[in-house]
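Have a look at the structure below, then the notes.
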Amino acid sequence: DDEAVIGNQFYNLDINTASGLINKVTLRDHTKLNFTINMYYYSGSCGDNQGTDRRSSGAYIFRPLANNPVKLATQRTELINGDLVKEFRVSLSPSGFTNTKVYDGLNFIETEWIVGPIPIDDEVGKEYVIKYETNILNNGAFYTDSNGRQILARKLNFRPQWNVTLAEPIPGNYYPVTNEIYIENKDLRVTVLPDRSEGGTSLIEGEVELMLHRRLLCDDAFGVGEALNETAKGLGLVVRGKHRVLISKDDITIKKNVLGLHLGPQLLFSDAKNIKYDEW
Amino acid sequence: EFVLNELKSAMGVMQHHDAITGTEKQHVTHDYERLLNQAIDDALIIAKQAFNKLTQKDDTKPPLFDFQRCHLNESSCHVSENSDKFVVTIYNPLGWSVREPIRIPVGNGQYEVYDSDGKQIKTQLVPIPNKVKQIPTRVSKATQEIVFIIDLKPLSYKSIYIKKINRTKRNTNNYDFYSNINNNFWGHIKEPYINKIEDVQTDKETIDTIKAIPFAPVHSEDISLIEDRETNLDILKDGKNDAEVMELEKFLKDSRRKGKGKDNVRIVDSYPNFNEDEMRMLADEPRTVEKF
């Protein structure tokens, strides 16, 4: 009874309302793909910045304490079913939330994410990421646009100009994502479009990972002179954003959605208490 | 141009490498937020004037709409949460057609949404997630969002009319209404009293009290504050002869013109970035109907 399906003309998502997991996506041509969305956090390192191995994670650099991030636990799920939009909401602990939506007639899966206030009671800074996990074999290759114009091929633990051995395998594989990041095999491409510039990577086969929000307690000594610890009413910021996921190789659909997210419709509101419907 | 310069200037500051990467100190972040927010508010003057030109048929009348922007990033909007009838103007800044979902935060109740051709749009009401309601800085009464999907042509706008139906009956405190009627009705009318007139209009005793108010105070200077209150007007017109109704309407027409001047002064006062000359230019900005 916990299994359910939400979908539209383009995507059908098999979900489990008990675990809060999406298990599978079925495309229009009946292709099935393992697909799930999870949120994790990396604990930020806090050192005295006296050596490369004693540097803190801060505003300038991302330096997690361990290479394995902590997966957020599902706290509560909610399914919204309607003609126009179907939503699968998952509250995550600590301080996470994902809302996966499919709209009638729109060719994307939208993930709305909320992170915060990031808890720091344990005096450890945290850096939240979201992972889109699939069974696509991308052989360590992923693609980012970095400057919003040109797509560049990235390869895990690799630099095209020299032989590299990464001392920090997580941040060493992170790249700027302005408009899009994708992985692909010969048949399918999984593209994630963020609504703002974010850091992104693909550390594990079939995964796309994007950094969402960071709250850190130590200065990284690169110049800003204070820790990246933003507070709002003393609690810490709450950040809300959107990703659109497209499982398609159709470039035009992708480009239209990039700009739909970045330059979406502008809304202005006016009271109409003095204007009757007929007059309007 | 000078209005838009505020936003150009703020955007210039935001080209600094610290603003782009977020490596500025926290108090600088707050200053950037202040700069941008103020500049966007200022630039909205231009958008308001442009939309007023497009939506207004008769330039001798005051603007039909007072366009406001909302904090949709936290699912809150003062206008849509507090009004039973409101208009949403949706502009597509892209050079090609788009089909996008729109979400409007509202309070409890049912709503009907009309497209700019007057046809009802298919909508869905979706509860706002608890996680959003719990955002510490959020101040909002919205409990749900109206969702609809809209098609917009390149660089075009649509005006969407939304009205609440099956209004939930509110508790009305008649005592408050009576106690304030003499002091406030013809004088400094505030929004709550206007709302209460609507709420208690089935109460015969209250309507009789309003009707009993002599017609003479309409000539008072203070009465300009009651302009455009149609509910009141209907009640006031009831029982009057044609000559009295004509006089009432003439008065209201005059007071609208006065109101326009006041509105302009109020707008200018709320934009501290501008000097006196610039404020005068804003206040005197002529509104004409442009035909494409």
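- Between chain A and the residues Asn73(B), Thr23(B), Val79(B), Val88(B), the most heavy-atom pairs under 4.5 angstrom are made by Thr23(B).
- Classification of Arg103(B) and Glu87(A) as a salt-bridged pair holds, one side-chain N sitting under 4.0 Å from a carboxylate O.
- Of the atoms belonging to Ser97(B), it is backbone heavy atoms, and not side-chain ones, that fall under 4.5 Å from chain A.
- Contact of Asn82(B) with chain A is not made at all, since no heavy-atom distance falls under 4.5 Å.
- Looking only at heavy-atom pairs under 4.5 Å with chain B, the residue among Leu237(A), Val238(A), Val224(A) that has the most is Val224(A).
- For Leu263(A), the parts lying near chain B are the backbone and the side chain together; criterion is any non-hydrogen pair under 4.5 Å.
- In this structure, chain B has a heavy atom under 4.5 Å from the side chain of Lys101(A), while its backbone stays farther away.
- Counting heavy-atom pairs under 4.5 Å between each of Leu152(B), Thr137(B), Leu94(B) and chain A puts Leu94(B) at the top.
- Proximity of a side-chain donor or acceptor of Lys158(B) to a complementary backbone N or O of Ile150(B) within less than 3.5 Å is not detected.
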Take Arg99(B) and Asp151(B), measure what salt bridge (Lys or Arg N to Asp or Glu O under 4.0 Å) needs, and give me the verdict at the end. CA-CA 4 Å; Arg99(B) 183 171 165 77; Asp151(B) 291 300; 3.2 Å; yes

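- Taking the six-membered ring where the residue is Trp, Phe62(A) and Tyr174(A) present perpendicular rings, their angle passing 60° and hence far from 30°.
- No part of Leu125(B) comes within reach of chain A, as not one of its non-hydrogen atoms sits under 4.5 angstrom from that chain.
- For a residue to count as touching a neighbouring chain, one of its non-hydrogen atoms must lie under 4.5 Å from one of that chain's; by this rule Leu106(A) touches chain B with the side chain only.
- Counting heavy-atom pairs closer than 4.5 Å to chain A, the top-ranked of the candidates Arg69(B), Gln134(B), Lys25(B) is Lys25(B).
- For Ser159(B), the parts lying under 4.5 angstrom from a heavy atom of chain A are both the backbone and the side chain.
- In this structure, His262(A) places its NE2 atom where more than 12 heavy-atom neighbours from other residues, nucleotides or ligands lie under 6.0 Å away.
- Between the side chains of Ser140(B) and Glu81(B), at least one donor N or O lies within less than 3.5 Å of an accepting N or O.
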Apply the test salt bridge (Lys or Arg N to Asp or Glu O under 4.0 Å) to residues Arg240(A) and Glu74(B): give CA-CA distance (whole Å), side-chain angles for both, the deciding distance (0.1 Å), then the verdict. CA-CA 8 Å; Arg240(A) 186 184 192 190; Glu74(B) 54 174 33; over 6 Å; no

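- Only the backbone of Asn81(A) comes within less than 4.5 Å of a heavy atom in chain B; its side chain stays farther off.
- For the options Val132(B), Asn92(B), Val98(B), Asp18(B), heavy-atom pairs under 4.5 Å to chain A are most numerous at Val132(B).
- With a 4.5 Å cut-off on non-hydrogen atoms, Leu84(A) touches chain B through its backbone and its side chain both.
- Options Thr21(B), Ile162(B), Ile149(B), Ile102(B) differ in how many heavy-atom pairs under 4.5 Å they form with chain A, and the most are formed by Ile149(B).
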Arg244(A) and Glu110(A): CA distance, side-chain angles, deciding distance, salt bridge (Lys or Arg N to Asp or Glu O under 4.0 Å) verdict: CA-CA 4 Å; Arg244(A) 282 184 184 172; Glu110(A) 188 170 274; 3.2 Å; yes

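- Ranked by heavy-atom pairs under 4.5 Å with chain A, the list Tyr157(B), Trp96(B), Tyr114(B), Phe148(B) is led by Tyr114(B).
- Using cut-offs of 30° and 60° for the angle between ring planes, the Phe51(B) and Tyr91(B) rings count as perpendicular.
- Side chains of Arg215(A) and Asn229(A): a donor on one and an acceptor on the other come within 3.5 Å.
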